[in-house]
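Worksheet for the structure shown next.
By convention in this document, chain letters (A, B, ...) are assigned in the order of the sequence lines, proteins followed by strands, and residues within each chain are numbered from 1.
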Protein chains: 2
Amino acid sequence: MDDTRIWTAAIAVIGDEILSGRTQDRNIAQIALWLNLQGIRLVEVRVVADDRAAIAEAVTTLAGRNDYLFTTGGIGPTHDDITVDAIAAAFGLDVVVHPRARAILEDYYATRGGVNEGRLRMARVPAGAELIENRVSGAPGIRLNNIFILAGVPHIAGQMIEALSGTLEGGKPLLSAVLGSWAPESEIAGLLLATEKAHEGCQIGSYPFFREGRVGANFVIRSTEQDRLDRCVADLATALAQAGYETTPGGI
Amino acid sequence: MDDTRIWTAAIAVIGDEILSGRTQDRNIAQIALWLNLQGIRLVEVRVVADDRAAIAEAVTTLAGRNDYLFTTGGIGPTHDDITVDAIAAAFGLDVVVHPRARAILEDYYATRGGVNEGRLRMARVPAGAELIENRVSGAPGIRLNNIFILAGVPHIAGQMIEALSGTLEGGKPLLSAVLGSWAPESEIAGLLLATEKAHEGCQIGSYPFFREGRVGANFVIRSTEQDRLDRCVADLATALAQAGYETTPGGI
């Protein structure tokens, strides 16, 4: 494993329901947290409509410049599920019925009314693609080279990424720690910057909040090295204490 | 008002905290719902890191091909807040201290310890930009041509868009209605497609769920015309009833 290589991923969330505001996306955060554990850094996300041209633009750009691309949504049985067709078209591939996907669906629906035209749509994949198993709903996800085509329903997408755990090459997992404080971030901005600069390989993010009539902030420290992370956290706590602010490990 | 013109908007969510999975974004859905009421259609979203090049790419692309662009995040007082600098640089503009923003901050912090270097960062805007008032935290949002630079904290971003209500030119508001049913979407996919095709100017989205051991779906019908929407909803309910599925107006 090359310790200095940074492995990157992108997500393309496909779905009018997110853009209309009707559905609150839950897949970005879920996939992001899982990627951290795989040693892969999520660097960009796009949300696009159920529209072939929009999907093609996002998928070709994001898969082209990242190690991995995950798409969510648009692989169900209905007419607004066009992800497979749009991705296949974007790469000049035919859409074929995957024999194993068909067998999985026939088995799954054997006691649920049988496979019909809509359900068979879920066995269609871009030519040359592999399957990602899914224990929840029968219909599998799809892997096409570095593109992972996942369901939009969060608990099904979650099962699909769990099935991929440990199978994708990555770097060191990104570690993080949190310090909370009832400090107005606008008062300790300089202190944060100085602490980050003094700790190579560490990043400090500041996330203010307003609760119980008071302002405070949680500071998230990130590094791939546990010892560097620990030193940065300790120094930040000391600096904040010297500025008159107690800190709470784990955040407030 | 041109009834046939579709007004489009994009969102650029700026923030490592979203990409790390630590923070669940709430601004996309909030802004999307508000845009519907303004008669503006959200057509694309990008989530980018606190990185100048990434912000510049997203902002120039999205503002260039949409009527409006909303950015969230990265306008606070700390070192990781680089949105203003990145946007100004992307358009070749200087960053200047806006006199009214400075006055607002001096007033707001008069009883809170005064303005310091970090707080004054929040008065910096790309040259030529206007302010978007914010009653919550003092620090204003920023309007630069068709770009609206909002806070990342959802209740502050929410105040900022409320302040913009009715001020942006748009088309007819997009109307929607929901029918819920304990129908497996894979059994009625053909019915949905046929109903949508029979109703010009209407879109039907299908959102399956699994609850209480049973599968069902909510069908969201959208149109800018109330009468078209009503007819499509009525016909869909009839078609589902004929297929043996009762429907619940408003969704399940």
Side-chain angles (χ1 to χ4, degrees), chain A residues 13 16-26 28-36 41-50 54 76-80 109 112-113 116-119 121-122 137 153 174 176 184-190 192-193 196 203-210 220 222, chain B residues 13 16-26 28-36 41-50 54 76-80 109 112-113 116-119 121-122 137 153 174 176 184-190 192-193 196 203-210 220 222:
Chain A
V13 174
D16 289 343
E17 71 276 23
I18 307 293
L19 293 172
S20 74
R22 181 173 188 275
T23 301
Q24 167 71 56
D25 170 77
R26 310 230 168 260
I28 297 172
Q30 151 171 276
I31 297 170
L33 292 168
W34 175 83
L35 284 169
N36 291 342
R41 190 176 302 176
L42 178 62
V43 295
E44 52 184 331
V45 177
R46 295 191 186 177
V47 185
V48 298
D50 296 323
T78 56
H79 64 283
D80 54 342
Y109 285 112
R112 297 176 173 86
N116 58 21
E117 194 185 343
R119 287 167 175 172
R121 274 180 69 82
M122 297 188 282
S137 70
V153 177
L174 187 64
S176 68
E185 68 165 358
S186 57
E187 286 193 2
I188 43 80
L192 294 178
L193 179 60
E196 183 182 87
Q203 278 187 306
I204 303 177
S206 172
Y207 304 103
F209 56 77
F210 179 73
V220 180
R222 295 194 184 88
Chain B
V13 175
D16 289 344
E17 72 276 23
I18 307 293
L19 292 172
S20 74
R22 180 172 188 278
T23 301
Q24 167 71 56
D25 170 76
R26 310 229 168 261
I28 297 172
Q30 150 171 276
I31 296 171
L33 292 168
W34 175 82
L35 283 169
N36 291 341
R41 190 177 300 174
L42 178 62
V43 294
E44 52 184 332
V45 177
R46 296 191 185 177
V47 185
V48 298
D50 297 322
T78 57
H79 65 284
D80 53 344
Y109 285 113
R112 295 174 173 88
N116 58 22
E117 194 185 344
R119 288 168 175 173
R121 275 179 69 81
M122 296 188 283
S137 69
V153 177
L174 187 65
S176 68
E185 68 165 359
S186 58
E187 288 192 2
I188 43 80
L192 294 179
L193 178 59
E196 183 182 86
Q203 277 187 307
I204 303 178
S206 171
Y207 305 104
F209 55 78
F210 179 72
V220 179
R222 295 195 183 88

- Message: If you count heavy-atom pairs within less than 4.5 Å of chain B, which of G21(A), G190(A), A54(A), G205(A) leads?
- Response: G21(A)
- Could you have a look at V48(A), D25(A), I28(A), V220(A) and say which one has the most heavy-atom pairs with chain B under 4.5 angstrom? V220(A)
- Message: Looking at every non-hydrogen atom in both residues, tell me the closest pair between L42(A) and L35(A) and how far apart they are.
- Response: CB-CD1, 3.9 Å
- Message: Using heavy-atom distances under 4.5 Å, tell me whether R41(A) contacts chain B through its side chain, its backbone, both, or neither.
- Response: neither
- When the 4.5 angstrom heavy-atom criterion is applied to E117(B) and chain A, the contacting part is neither
- Message: For A29(B) versus Q24(A), what's the shortest heavy-atom pair and its separation?
- Response: CB-OE1, 3.9 Å
- Query: Side chain, backbone, both or neither: which part of L19(B) has an atom under 4.5 Å from a heavy atom of chain A?
  - Reply: both
- Message: Taking every non-hydrogen pair under 4.5 Å, which of R222(A), E187(A), E44(A) racks up the most with chain B?
- Response: E187(A)
- Message: So which residue, L193(B), D16(B), V13(B), ends up with the most heavy-atom pairs under 4.5 Å with chain A?
- Response: L193(B)
- Note on the structure: Applying a strict 4.5 Å limit to non-hydrogen atoms, the region of E196(A) in contact with chain B is side chain
- Query: Quick one: of T23(B), D50(B), L33(B), who has the most non-hydrogen atom pairs under 4.5 Å with chain A?
  - Reply: L33(B)
- Item | For A189(B), all residues meeting side-chain contact (heavy atoms from CB on, under 4.5 Å), sequence neighbours excluded | T78(A)
- Heavy-atom pair with the smallest gap, counting every atom of R119(A) and P184(B): NH2-CB, 4.0 Å
- Query: Taking atom types as modelled, is there a side-chain donor on S176(A) or R22(B) under 3.5 Å from an acceptor on the other?
  - Reply: no
- Grab the two heavy atoms, one from S20(A) and one from N36(B), that are nearest each other, plus how far apart they are. O-ND2, 3.0 Å
- Is chain B contacted by the side chain of F209(A), its backbone, both, or neither, given a heavy-atom distance below 4.5 Å? neither
- Query: Using non-hydrogen atoms only, which part of V43(A) is less than 4.5 Å away from chain B: side chain, backbone, both, or neither?
  - Reply: backbone
- Task: With a 4.5 angstrom heavy-atom cut-off, could you sort out which part of Q203(B) is near chain A: side chain, backbone, both or neither?
- Result: side chain
- Query: Quick one: ring pair (Phe, Tyr, Trp, His ring centres under 6.0 Å) partners of F210(A), sequence neighbours excluded?
  - Reply: none
- Note on the structure: Looking only at A49(B), G113(B), P77(B), most heavy-atom pairs under 4.5 Å shared with chain A are made by P77(B)
- Note on the structure: Looking only at heavy atoms, the pair that brings D80(B) and I204(A) closest together is OD2-O, 4.1 Å
- Shortest non-hydrogen contact from R26(B) to R26(A)? NH1-NH1, 4.2 Å
- Residue E185(A) versus chain B: region with a heavy atom under 4.5 Å: both
